[in-house]
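Notes to accompany the following structure.
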Amino acid sequence: AGSEPPRSAHGVLDLEASGLRCLVRDVLAVRDQQSLIGLRELRCASNAIARLEPECCVAFGRLELLCLSGNAIAALPAEIANMSALTSLRLEGNQLRALPPQIGELSRLTQLWAGCNHLRELPPTLSRLRRLSELCLVSNELSSIPEQSVSGLCSLVRLELSHNQLTDLPDNLANLERLRELWLDENHFERCPRCLAAGLPSLTHLDLSSNPLRRVPAALAAPAGLR
């Protein structure tokens, strides 16, 4: 009661802050199937959704953007693999403790925002996301980044790892030739990771502030093009 009516146009359904609790009951059950087939963007931020049900992953299989930020989702179902048209998945501000291995099936994904959750590890299948250009994992509980989770992220431009518990980075991060922005502030780095000392050819922004670094290599202190 008292919530705003859904806002929709041109394949976009905006249900932000609409008091939603269940996508099956509050969306699937009240909208005709034809309108769902044409849906390209579903925005459900700032609600009280606790689950992404498997049947939603099937019904919304043609979505290109799914925004579930600011809800109470604790896990994603394996059926998320059905959402293979997704290019943008926004999950910030939920209760996620892990990303399912099936996240690697979203081969068209260019943007994955999963900050402000409780992630403690990353699945190796993450490296299958070869089109991913933005990966935001700020404010989680990550203590390491596995080599196999980033080895295939050849299109990555922006990587946000601020406010975690990291003490090092995998050496193969140096192979991400398109990486321009790397945010590492508010972690537990005592020494500069070797991948940074080796140099990232496209890097223009590096933030290592608020870390207990003992020293910063001269090459990073004043590198050309880096701010």
Side-chain angles (χ1 to χ4, degrees), residues 1-123 125-126 128-129 131-141 158 160:
S3 62
E4 295 184 8
R7 300 170 290 282
S8 61
H10 306 297
V12 178
L13 179 58
D14 186 351
L15 295 167
E16 182 175 351
S18 297
L20 301 183
R21 292 184 176 274
C22 174
L23 286 173
V24 171
R25 184 189 65 223
D26 299 335
V27 180
L28 289 185
V30 297
R31 299 190 70 84
D32 65 89
Q33 292 300 309
Q34 194 61 38
S35 68
L36 294 178
I37 290 174
L39 203 58
R40 293 296 177 265
E41 297 187 10
L42 178 59
R43 300 174 181 268
C44 295
S46 304
N47 284 289
I49 300 167
R51 292 183 64 216
L52 176 60
E53 293 89 348
E55 51 265 53
C56 290
C57 296
V58 176
F60 299 139
R62 297 189 181 185
L63 281 183
E64 296 170 9
L65 181 148
L66 175 61
C67 179
L68 294 170
S69 306
N71 281 283
I73 298 170
L76 298 176
E79 288 80 5
I80 197 168
N82 288 286
M83 307 185 80
S84 57
L86 278 180
T87 61
S88 179
L89 180 57
R90 304 177 185 177
L91 302 165
E92 318 99 289
N94 278 281
Q95 303 295 321
L96 294 171
R97 295 194 175 276
L99 295 174
Q102 292 79 12
I103 199 85
E105 300 299 316
L106 305 180
S107 60
R108 298 185 185 181
L109 209 60
T110 62
Q111 185 181 70
L112 176 57
W113 294 355
C116 301
N117 279 282
H118 302 287
L119 299 178
R120 296 181 177 177
E121 58 184 8
L122 300 175
T125 53
L126 192 68
R128 296 180 187 171
L129 302 179
R131 297 187 187 182
L132 197 67
S133 62
E134 291 185 22
L135 177 58
C136 178
L137 298 167
V138 302
S139 298
N140 277 287
E141 299 170 17
R158 182 183 180 99
E160 299 187 33

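When all heavy atoms are compared, the tightest approach of Thr125 to Pro101 is OG1-O, 2.6 Å. The heavy-atom pair separating Asn117 from Leu96 by the smallest distance is OD1-N, 3.0 Å. Smallest separation of non-hydrogen atoms from Ala85 and Gly61: CB-O, 3.9 Å. When all heavy atoms are compared, the tightest approach of Val27 to Leu15 is CG2-CD1, 3.6 Å.
Not one N or O on the side chain of Thr87 forms a donor-acceptor pair closer than 3.5 Å with the backbone of Leu109. Not a single donor-acceptor pair under 3.5 Å links the side chain of Asp26 to the backbone N or O of Leu23. At least one donor-acceptor pair under 3.5 Å links the side chain of Asn94 to the backbone N or O of Leu68. The main-chain N or O of Ala48 is found under 3.5 Å from a side-chain atom of Asn71 such that the two form a donor-acceptor pair. Between the side chain of Asn82 and the main chain of Val58, no donor-acceptor pair closer than 3.5 Å is present. Asn140 places a side-chain N or O within donor-acceptor distance of the main-chain N or O of Ala114, the cut-off being under 3.5 Å.
For the salt bridge (charged side-chain N to carboxylate O under 4.0 Å, His left out) condition, no pair includes a residue of residues 65-81, sequence neighbours left out. Judged as a salt bridge (charged side-chain N to carboxylate O under 4.0 Å, His left out), not a single pair has a partner in residues 49-61 (not counting sequence neighbours).
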Apply side-chain contact (heavy atoms from CB on, under 4.5 Å) to Ile49 and Cys44, showing your working. CA-CA 9 Å; Ile49 300 167; Cys44 295; 4.0 Å; yes

Intermediate values then yes/no, side-chain contact (heavy atoms from CB on, under 4.5 Å), Leu39 and Phe60: CA-CA 7 Å; Leu39 203 58; Phe60 299 139; 4.3 Å; yes

Output, in order, the C-alpha distance, side-chain angles, deciding distance and verdict of side-chain contact (heavy atoms from CB on, under 4.5 Å) for Cys57 and Leu52. CA-CA 8 Å; Cys57 296; Leu52 176 60; 3.9 Å; yes

Take Leu106 and Leu112, measure what side-chain contact (heavy atoms from CB on, under 4.5 Å) needs, and give me the verdict at the end. CA-CA 10 Å; Leu106 305 180; Leu112 176 57; over 6 Å; no

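With sequence neighbours excluded, the residues that form a side chain to side chain contact (heavy atoms under 4.5 Å, CB included) with Ala81 are Gln102, Glu105. Qualifying side chain to side chain donor-acceptor pair (under 3.5 Å) partners for Arg43, counting only residues two or more places apart in sequence or in other chains: Glu41. Partners of Arg90 under the side chain to side chain donor-acceptor pair (under 3.5 Å) rule, at least two apart in sequence or in another chain, are Ser88, Gln111. Every residue two or more places apart in sequence or in another chain that forms a side chain to side chain contact (heavy atoms under 4.5 Å, CB included) with Ser139 is listed here: Cys116, His163. Scanning for side chain to side chain donor-acceptor pair (under 3.5 Å) contacts around Arg120 gives Glu141, with sequence neighbours left out. Evaluation of the salt bridge (charged side-chain N to carboxylate O under 4.0 Å, His left out) rule for Glu160 yields Arg158 as partners, not counting sequence neighbours. Applying the side chain to side chain contact (heavy atoms under 4.5 Å, CB included) test to Ala59 and every residue at least two apart in sequence or in another chain returns Leu28.
Around atom CZ of Arg21, no more than 12 heavy atoms belonging to other residues, nucleotides or ligands sit under 6.0 Å away. Counting non-hydrogen atoms of neighbouring residues, nucleotides and ligands closer than 6.0 angstrom, the CZ atom of Arg40 exceeds 12 such neighbours.
Within the model, atoms CD of Gln95 and NE2 of His118 stand 4.0 Å from one another, a figure rounded to the nearest 0.5 Å. Between the CG atom in Leu126 and the CG atom in Leu122 there is a gap of 6.0 Å [rounded to 0.5 Å]. The line from CZ of Arg128 to OG of Ser107 is 10.5 Å long, rounded to the nearest 0.5 Å.
Just one residue in the list Leu99, Leu65, Ile103 forms a side chain to side chain contact (heavy atoms under 4.5 Å, CB included) with Leu89, and that residue is Ile103.
Side-chain contact check for Ser69 versus Leu91: every heavy-atom pair is 4.5 Å or farther apart.
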